Amino acid sequence: GEEAFYGCYAAKGVLYIPESLIEIPESAFRYCTELEGIIVNPNNPNLDSRFDCNALVLTETNRIVLGCKNSTIPNSITTIGQLSFYGIDGLSQIILGNTVATIESDAFTACANLSTVICLCDIPPTFIGAPFWYIGANPQLIVPCGNKDAYLSSDWSSPSSFGDNIIEDCDEYAIIP
């Protein structure tokens, strides 16, 4: 149902989505903050967890709707959905693939230990609302060489996200994989 497992803070382990579950409300697993992995059957026509990303992706829109502490954001993802990583204290670092265009409201809010975000995008993804409220103390954003000014003149530099703590990786991608 709409909020079938909403707020199951004690749910741990790996969430497995079978081939037969082709539609799932975005709020069904919201606030399940202790999940360690998310796997979708590769034959599922509507949902996926491509490239072993440990996230629930709406295939048609390339939108992540649920993440966990071991998620990665692969290239091909265009949107990180509202509240998709909300309150995941086990998330300390996240790498955003180079195709992310939009990060929705509260996507990473209350990830108390999120201290490093590595964004591979040359153009700063657009924020809808404030996706980075109440994350780790003095969080840093690492961006590709030559793109710091673009991020400083975007929502990424607001006090509710990274301020001026934006670092360029110009050493032959020593930090950015």
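Residue numbers start at 1 and run along the sequence shown. Quantities reported herein were computed from a predicted structural model and do not represent experimental measurements.
Leu21 and Ile38 fall within the same hydrophobic cluster, where Ile, Leu, Val, Met, Phe, Trp and Tyr residues are linked whenever their side-chain heavy atoms come under 4.5 Å apart, directly or through other members. Note on Leu15: it clusters hydrophobically with Leu58, by side-chain heavy-atom contacts below 4.5 Å among ILVMFWY residues. In terms of hydrophobic clustering, with Ile, Leu, Val, Met, Phe, Trp and Tyr side chains grouped at heavy-atom distances under 4.5 Å, Phe85 and Trp133 are assigned to different clusters. In this structure, Leu152 is a member of the same hydrophobic cluster as Trp156, with clusters built from ILVMFWY side-chain heavy atoms closer than 4.5 Å.
Contact detail for Ser49 and Val40: the closest heavy-atom pair is OG-N, 3.0 Å.
Within the 4.5 Å cutoff, the side chain of Cys119 has no heavy atoms near those of the Pro124 side chain.
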- Task: Carefully, step by step, assess Ile64 and Ile73 under the rule side-chain contact (heavy atoms from CB on, under 4.5 Å).
- Result: CA-CA 8 Å; Ile64 288 183; Ile73 314 293; 3.4 Å; yes
- Task: Would you sort out whether Thr72 and Phe51 count as a side-chain contact (heavy atoms from CB on, under 4.5 Å), showing the intermediate values?
- Result: CA-CA 9 Å; Thr72 59; Phe51 308 114; over 6 Å; no
- Message: Evaluate Glu104 against Thr79 for side-chain contact (heavy atoms from CB on, under 4.5 Å), listing each step before the verdict.
- Response: CA-CA 7 Å; Glu104 295 179 353; Thr79 303; 3.6 Å; yes
- Query: Would Asn44 and Ile22 satisfy side-chain contact (heavy atoms from CB on, under 4.5 Å), going step by step from the backbone distance to the final call?
  - Reply: CA-CA 6 Å; Asn44 190 306; Ile22 59 171; 4.1 Å; yes
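Partners of Thr59 according to the side chain to side chain donor-acceptor pair (under 3.5 Å) rule, which considers only residues two or more places apart in sequence or in another chain, are Asp48.
Counting non-hydrogen atoms of neighbouring residues, nucleotides and ligands closer than 6.0 angstrom, the CG atom of Asp52 reaches no more than 12 such neighbours.
Side-chain N or O atoms of Ser92 include none that pairs as donor or acceptor with a backbone N or O of Asn113 at under 3.5 Å. With Ser71 contributing its side chain and Asn54 its backbone, the two residues share a donor-acceptor pair below 3.5 Å.
Aromatic ring centres of Phe127 and Phe132: separated by under 6.0 Å.
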Tabulate below the donor-acceptor pairs under 3.5 Å that side-chain atoms of residues 93-102 make, not counting sequence neighbours, or state none.
residue: Thr99; atom: OG1; partner: Ser76; partner atom: N; Å: 2.7
residue: Thr99; atom: OG1; partner: Ile77; partner atom: N; Å: 3.2
residue: Thr99; atom: OG1; partner: Ile77; partner atom: O; Å: 2.8

Identify all side-chain donor-acceptor contacts of residues 136-151 below 3.5 Å with residues at least two apart in sequence or on another chain.
residue: Asn147; atom: ND2; partner: Asp122; partner atom: O; Å: 2.9
residue: Lys148; atom: NZ; partner: Ile166; partner atom: O; Å: 3.3
residue: Tyr151; atom: OH; partner: Cys121; partner atom: O; Å: 2.6

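Leu35 pairs with exactly one of Leu66, Ile88, Asn70 by the side-chain contact (heavy atoms from CB on, under 4.5 Å) rule, that one being Leu66.
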